[in-house]
Every structure is written in C-alpha cells, then in structure tokens.
Amino acid sequence: MADDQPKNDYKDTLFLPATEFPMRGGLPKKEPQILKRWDEMGLYGKLREDAKGRTPYVLHDGPPYANGHLHLGTALNKTIKDLIVRTRQMAGFDANYVPGWDCHGLPIEWKVEEAFRGKGRKKEDVPPSEFRTECRAYAAKWIDIQREEFRRLGVEGDWQNPYKTMDFGTEAAIVAEFLTFAEKGLVYRGSKPIMWSPVEQTALAEAEIEYHDHQSTTIWVRFPFVDAPAGLEGADVVIWTTTPWTIPANRAVCYGEGLGYGLYEVESVRDDLDFAPFAKPGDRLILADALHEDVFAAAFVSGFKRLSDVAPSQLAGTKLKHPLAGHADAYGFEVHMLPGDHVTDEAGTGFVHTAPSHGQEDYFAWLAAGLPLDAIPYTVGPDGAYTDEAPGFEGRKIFRTDGKKAGKDGDANPEVIKALTEHGSLLARGRLTHSYPHSWRSKAPVLFRNTPQWFIRVGEGEGSLREVALGAIEDTEFYPPSGRNRLRGMVETRPDWLVSRQRAWGVPITLFVDAKGEPLVDQAVNKRIIEAVREGGADAWFGTPAEDFLGGSYDASQYEKVNDILDVWFDSGCTHAFTLEARDDLTWPADLYMEGSDQHRGWFQSSLLEGCGTRGRAPYKAVFTHGFVMDDKGRKMSKSLGNVVGPDEITNKYGADILRIWVASSDVQEDIRVGDEILSSAVDAYRKVRNTLRYLLSALDGYDAKEAVSASEMPELERYILHRLHEVDARVRKGFEDYNFKASWRALSEFAIQDLSAFYFDVRKDCLYCDAPDNVKRRSTRTVMAQLLETMVRLLAPVCPFTAEEVYDHFPEGLGERKPSVHLLQFSELPESYRDEALAERWTKLRGIRRVVTGAIEERRNEKEIRGSLDAATGLYIDDAELAELAKDQDWAELAITSQAMLGPSPAADSAFRLAEQPGVAVIISRAEGDKCGRCWRILPEVPEEGALCLRCKEATGA
RNA sequence: GCGCCGGUAGCUCAGUUGGUUAGAGCGUACGACUGAUAAUCGUAAGGUCGGAGGUUCAAAUCCUCCUCGGCGCACCA
C-alpha cells in the first residue's frame, strides 16, 4: 500500500468486517464439492434419523421416464418437489422423499429395437426375453445417469433406494393390483380398432405413423331399405368409401342430423361410353343435396330429377340391407342407420359407410348407439387377410405382406368389388390419391383393424368406479383449485380404461381366458402367478407353462394365456401401492402428488382410478400442478426453433442454486419462461442475497454470545428490525406452507435488499465500525445480526441448499454449537415478543421521512454541493404534529447518514426540498460545519483539526 | 375442432369482497462512495393492466366476443 494519507492511520483501530466467505459464489465448481461432502457425511441418513418420530409428510414422486437426459421441465419438476420436501422437513415434519422411475413402455422399446437393428437383427428375430433383458439394461443405464443429474440440482432424497417400475418385486405388485381389479369383476375383454401394420404384424402408435400419398380405389355403394319409410319405397341409400375391403365389415350407415338430403331419380345415363354405367334410369337414390351432382357425375348419370326432401328424422331408426346380402349365403343381417356428428356433406354422399372394426369414428358411433361390442366382427387377421368372419373372402389379402411388393394392394379390393357388382350394389367406382397412414419402419400402408382388448370398467352411475373416483376428487385438495374441475371433467367423460397393449416391454396382463372370452378369476392361481413374477419378472409369465399356474383345478387346454402387456399408465398408477404402502418409511395415502398439468390426463388420473378401484379412495390427499417451461418469448421449446435450454447448461454456467432461484421466484403454477435475461435476474438476486449474508458474517467477525443484549435493552431500531424479521420469517414460512415459493422468495430477498442492505446495515455501519466493542448499541446491533443470520440461513436453505451450507460453514464460532449441516436444522422459533406493531408503524413513518432526506441529499449532490452524505448536515422541518412528535426523539444524523442534523422550526423556507408523497416534511441540506474526523469521517465542530479525532472516536480508541 | 388455464412496466411478481394519481424488487440511465469494492448507497425514467364491447356513480378486478399463448383430447410418458 503506497498510501501516505494520514487519515489511514486510524484504519487499524476500526472494527471492519472480515470473513473468509467469498463475495462470489463460483457455484459451478463449488456445488459438486458440497454434494460430495453431503454424500460422505451420509446427510440423507442423518436427516431421517433426525426426523424419527416427527409427523410424517409424504410427497410421493411421480416417476420420470428412464430415457434420455433431463430437460428443463423435469428439472423444474424435481426442483419444486425438493423445495416442498426441504421446507416441510425444516418446518418440523419427517419429510422423506423417495424418487422413482417409470421403466416400461414404447420409447425404450424403440431405442432397443434400433440398437438391435444396428447389429443387423430385426425385432421379430429377437426372443422376447432377450429383448426385455436389453430394455431392462437400457432403462437401468438411464436411471443411473438421471440420478446424477437430479442430484446435481441439489435434490435430496433416498437415491440409494428409489423405486423402479421394472423391479421384479414391483412388477409382481403391479400384477397383483391388476388381478385385484379382475377379482372385483372390473376387467373385461372388449374390442377396438387400432392402427395395425400387417407387414410387421404389430400395432402402431400415432408417433410411429407417417402419412404418404396412396392411390385408393373408391366405390359408391347402394344400400336398400329393409322396410322403406313412406315415400322412400324402392330408394337406395348411397355411401362412398376409399376402402372397399371394409365392406364385409359394414354394420351401419351414418347420416348427419343437420344435413339436407333429397330423393333423386335417375332419368338417363350417358350413352357415349364404351361400357354400360352401373346406374340405370329409374334408380331412386337418397343423397345429400350438396353432393348429388358429384355422385351423378361419378356414376355417369346424365339426367335426373329431385323428387322430394328427405328429412334426417325420416331415416332415424330405419334398417338397411347389406350390399352383399346373400353372398356366400351370408350378410343377411340388418345394417343400422345411425346419426353421427362426424358426417359432413363436403365429400362423398352425405352417408358414411360404418365398419366399427375399422375406424375410430365408426367404432364410437356404434357404441354411442348402444349396440353390442360382441356384434363387431373380426374380418381381418394380423396378416391383413380376411378371416372366416368375412364369408366368401377368406384369405384374401388387403395388402401384400411379403416379397418386394409388400405394402402393395392385395386381392381383397377386386374381390369385394366383383361381389358388389354381382349383387347389383355398386353404383360407381373411381380412383383417389390421398394422404394415407403408413408405418414409419416398413413404409407400408397400415390399416385400422379391430382387435380384442382388455378394459377396466369405469362404468356409469351408482357404485361405478367413475362414481367412486368423482367422489374422491371432491375429497382432494387442489393447487391451484382449477385442477379439480379439470380432473373431474376428464373423469366424467372418459371411456373405460383400455389397459392392454400389443407390445413387449412391460408388465404382462396375467389372465387366462376361456373360449367365451371370460377371464379366469381364482385367487390360488393368481397367487401362483404373482409369486412367479416376483421371482422372474415378466418373463415368468410368458415362459411358464399354463399348467404350472392353473394347477390341478383347471384344464389348461380350455384356457388361453393372454399375451398382451399392461398400459404403462397402469404401472405408474400403482406406484402408491408398491411404494407408499410397501415401505415402512412412507405412509399411505400421500400428502401430496406434485406434477405438471399434463398429468391430469396421466398419473393423477391413473393413480386415482387405481386407488379407487382397489382401495376406494385416491392415494393422495392433495394434488399440486405446475406449468411448462417456455422460452423467453413464451413459446414452447423445440429443437426446430433452436430455443431449447438444458438444465446442465444452467448448472454449468451459473449453478444449481441459480436454477433453484429461477424456480422459486417464478409462478410455477403457470407456464414459466426461461432465457438469458430471466436467468441473469436470478443471478442478480442471488448476488444481492449472498452479499447480504456475507455482510452479516463479516460484521459478526469475532462475535461472542456473551456480548448479546436482551431485546428490551436494545435501541428502537434494533427492535424494529427484530419485528421485521419476525414478520418476514412468518411470511416466508407461510409461503412455504402454501407451496407459494415465489411469495417466500420475494419476502426474503426484499427484506435482505431493502430493510437490511439499503437501510439497517447502512445506518449501523458507523456504529459497527467505529463504536467501542462494549458499546451497548454496537452489541445490540451484533446481537440482532446474529439473529438475522441464524434465521435467514434457515429460510434460504430450501431454496439455495448449497449457498446456505456454505454460509453455515462460515458462521463465526461465537454463534454457538453447530450441526454437521445447515439442512439438519429446523426453522427458527422467534419469540412472539419480537412483534411490536406500534413500533413498526412508527418506523414505517420514520423511513418515509428519511426518504425525503435522501432525496434532498441527492439534489445537492447533483448540484455538486456535496459528494458523500457525510459532507452534509440535515435540516428537518416537519409540519405534521404527529410526525414531528415521532421525529423528535431520533438521531437524524445517524439515520440519514449525514454528519450533523437538526430539527428546525416549521414551516421551512419555500426553497426546502419536499416530496409529494410525504406531505408536511421539508428538508434543507447544508454543508456540515467543522473538520473531518480522521477515523469515522464525520464532519463535526468538535474535531480540532482536519483528520483529528472526534470525541466518540477518541473514547473508542482509548486515546 | 372440443375441454381447461393464462396474457399487469425490459424481466420476475403484488394488486384483499370492483372505490382516491396501478405497486414492489431486479434491470436500465444518471450520480455517489472507495472502510461490503467485479461490492455497496442514492435519484430518476418506464405501464391506454392482450384487444373490443357491456354492466356500474366507479372495472386490472364482473359479463360477452375477439386475439395470442399453454396443457390435454386413448398403444404418448
């Protein structure tokens, strides 16, 4: 130091703040070290041990999918969970957090399939057990990776012993849950059209479909009435379809209740063709008015007349004859005329050919009419060929399935068209190129194919699962409350739960089904199944002969073993059973389920139905939903927009505590945004709070509890700060309790910035630095600061677990005995006596007056009259009697951080500084008179010469 | 398309049962300090509360419509 200014002579006599706690966090480097330390000390075990006997609080983890690195959404989710768990733990609960993973399902199958293909093996050539082994290994790998990624975020929990849906014991538990549904008679075999690839002989998910142009043969087909309504005698209803091969499966025709139809008579057909049109003069056809011209053009009709209106109501309830009636001595059944919202008059005829085994809308129209599931035929087999339920067409293929021509049209369409022609049912034919679904693997077209499926009956009304579930929703608390409506709306309208999947990686549907399609329900059999799965996982079901399960009581040849697996939603719906219920360190039901709002459709609902079906209530007492992470413009993140931010980018650049502040300061119940500006405000907020704590640590350098002063002996300012601390502590903890973290963070950071850094610390600097150590005011300040530090480090700990630990590490020894980690502490119990509303009200007003003074100083500063506030003397003139009374006992030089102050007679000169929001207060700032004390830098008349000591400093230094 | 949710200063958020000139923190600008110093302090500027109607003496707050965005809508976790 080449400083030769004499005023520095006194610097050593000051009590300047000192701490090893660095100003900058260096979080990306430091956090991993702290994590390692927690690991080494076995923090999780200590937390459990510590909390033994306390009231449990259970946040049950909704399992993330064990595939791929974390994205910000999962990071957000886990961070909120950790905030909840940590705040409950510190509030005095035993808040044990057991993380879990969802391991089964399609995305992993895809990845593993891909890996096999890379090695030149097709999925169908890999034995299922080997395939499942690979899936298991794949999931295990990602669980390990994700576990480390979650821990890096500072998420505390039982990472050594999480739950996994693929553990054998868990798979057995899921099987047991499913069989409970079966035993209650809630499981039935139904039927439903799904997207099926005949080439690969597998069901496909929407995501496995791509759309390509495909040329289809189109046909217009006439359906005569069984008993024509009055005025429609001899008329045919006409449909149009792009899939002639679905005609044998036709069971209904749909009409639109809002459409206009007419009865038309053909008068002439074109004679300029080298073939005879199918239509003949005298044919009577019912068509949508908007489409009759198109139909007649296709049918080569050259003249027609419209005979009458046909009201949709005339069609209701009528029956039609099948256009193939009599073919192969079959198709004699009646075809239903049904109303359908999906029917339009934009293309076709205004009537929709309805084959409930080949289309979603067809299927629902069928069910909506109350028609029976078992009347839906299985006309097409897995290989895309007709079954014997399509008489006369058995074995004909829709698409070719092998050789180079796989995916090309088979012989089904020509045969059907031929038969229709023979029966006089064809009105016209044509070709159409249109977008059609294809398998993304084989590129071959797919078809909707009806397949047997397993359902859990949600049902309707009295005693139904739906009714129980709706009741359970009313008994659940929702954060935000709108979640209740959303979940209720979904449960009210949802269909029965389709739980079967024609896939490989999952928990088997462990049912034996008899010839009638009824599942076998026998507890002894079920017990053997559950035990086998517990020993050997899913393979035990597929690999064990039926006899071994059925024992002596049943004839294995009479039963078929179901080959499907369970919907993974059923797996996750069971987490409460195999985790909450099964573990001694958790309780059932959970206090809270906390997931993204998409889980109303997913986990909240599957858990609800599972819990209600097996145990009569929801497995949770409350449900909390958070929104999704958007980019800084509020758009969703996507690779194509290039706006994806990964959690690792944030932890590597800023640190996990910053990410956590971002979460804690956002309204997580809505969608939240992330971007550079948003993160940098988290960084700024962090810096402010960190420095406030650092100042407390440094000001408490060498602190000894013996210097503490009791609150009653403290100056008013100290008591005011204690009041504020009590208030803030309560507000922060209330926010935690309500899962309203942003309110907590706001209260805490604004207290640190406004009340402490900008006000209290600033005012007390002089006292802290210059007064003698035994000075009561100084001791009071340090007593309050110790309390501030103790309380604030605890309130900060859930939000910034790393930084709070680092602060705690740097606590001056004199603060007393320490625990091994800040996270083993509970929130401070501050004495109620800190509260003093009257005092607080006074000080709110005093701070209002102070604002006028700082404003006035600023004005002088801008006029270059003064530089630092210690250059100034405050002249305060107060009109308002009440304010004047308040102000008169205060040391305004100290409060305003000026060298001198005087309370002058009101009113002040017009030139005095005033603020509109502080009427009755005027301030005149002048230069302080006297010389500058070389130690405390105040300018006082008592200082004999520039740089000498003032009286206080003389005493403090013992000079 | 349908169901649900949301749109308050550049950013993150407050705005109680509709009631005086819509608040805070951060950021920004300018200034101060140089004994919290890649820190700290002060002052100031920033909003037709998504838009349009309506109810009312009075609307960010209640109603309707529109717009923008999000989530969900069955082999996707």
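The sequence lines fix the lettering, A, B, ..., with proteins before strands; numbering per chain opens at 1.
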Item to check | Sugar-phosphate, base or nothing in reach of A:Gly868, heavy atoms under 4.0 Å | outcome: sugar-phosphate
Next on the checklist: The side chain of A:Asn691 is closest to which nucleotide in this list: B:U40, B:C26, B:G72?
Outcome noted: B:U40
Checklist entry - So, does the side chain of A:Glu109 form a donor-acceptor pair with the base of B:C75 at under 3.5 Å? => result no
Checklist entry - Can A:Thr957 and A:Arg935 be counted as having a side-chain donor-acceptor contact under 3.5 angstrom? => result no
Item to check | Heavy-atom donor-acceptor pair, A:Trp603 side-chain to B:A77 base, under 3.5 Å | outcome: no
Checklist outcome for this item: With syn defined as a glycosidic angle within 90 degrees of 0 and anti as anything else, the base of B:G46 is syn
Checklist entry - Nearest of B:C71, B:G35, B:C13 to any side-chain atom of A:Arg746? => result B:C13
Next on the checklist: Of the listed nucleotides (B:U40, B:C5, B:C75), which one gets closest to any side-chain atom of A:Ser757?
Outcome noted: B:U40
Next on the checklist: Quick test of your reading of the model: are A:Asp657 and A:Arg690 salt-bridged, counting only N-O distances below 4.0 Å?
Outcome noted: no
Checklist entry - Counting any heavy atom closer than 4.0 Å, what does A:Ala685 reach on the DNA or RNA strands: base, sugar-phosphate only, or nothing? => result nothing
Next on the checklist: Do the side chains of A:Arg847 and A:Asp755 get close enough for a salt bridge, i.e. N-O under 4.0 angstrom?
Outcome noted: yes
Checklist entry - Under 4.0 angstrom, heavy atoms only, what part of the nucleic acid is A:Arg24 near: base, sugar-phosphate, or nothing? => result base
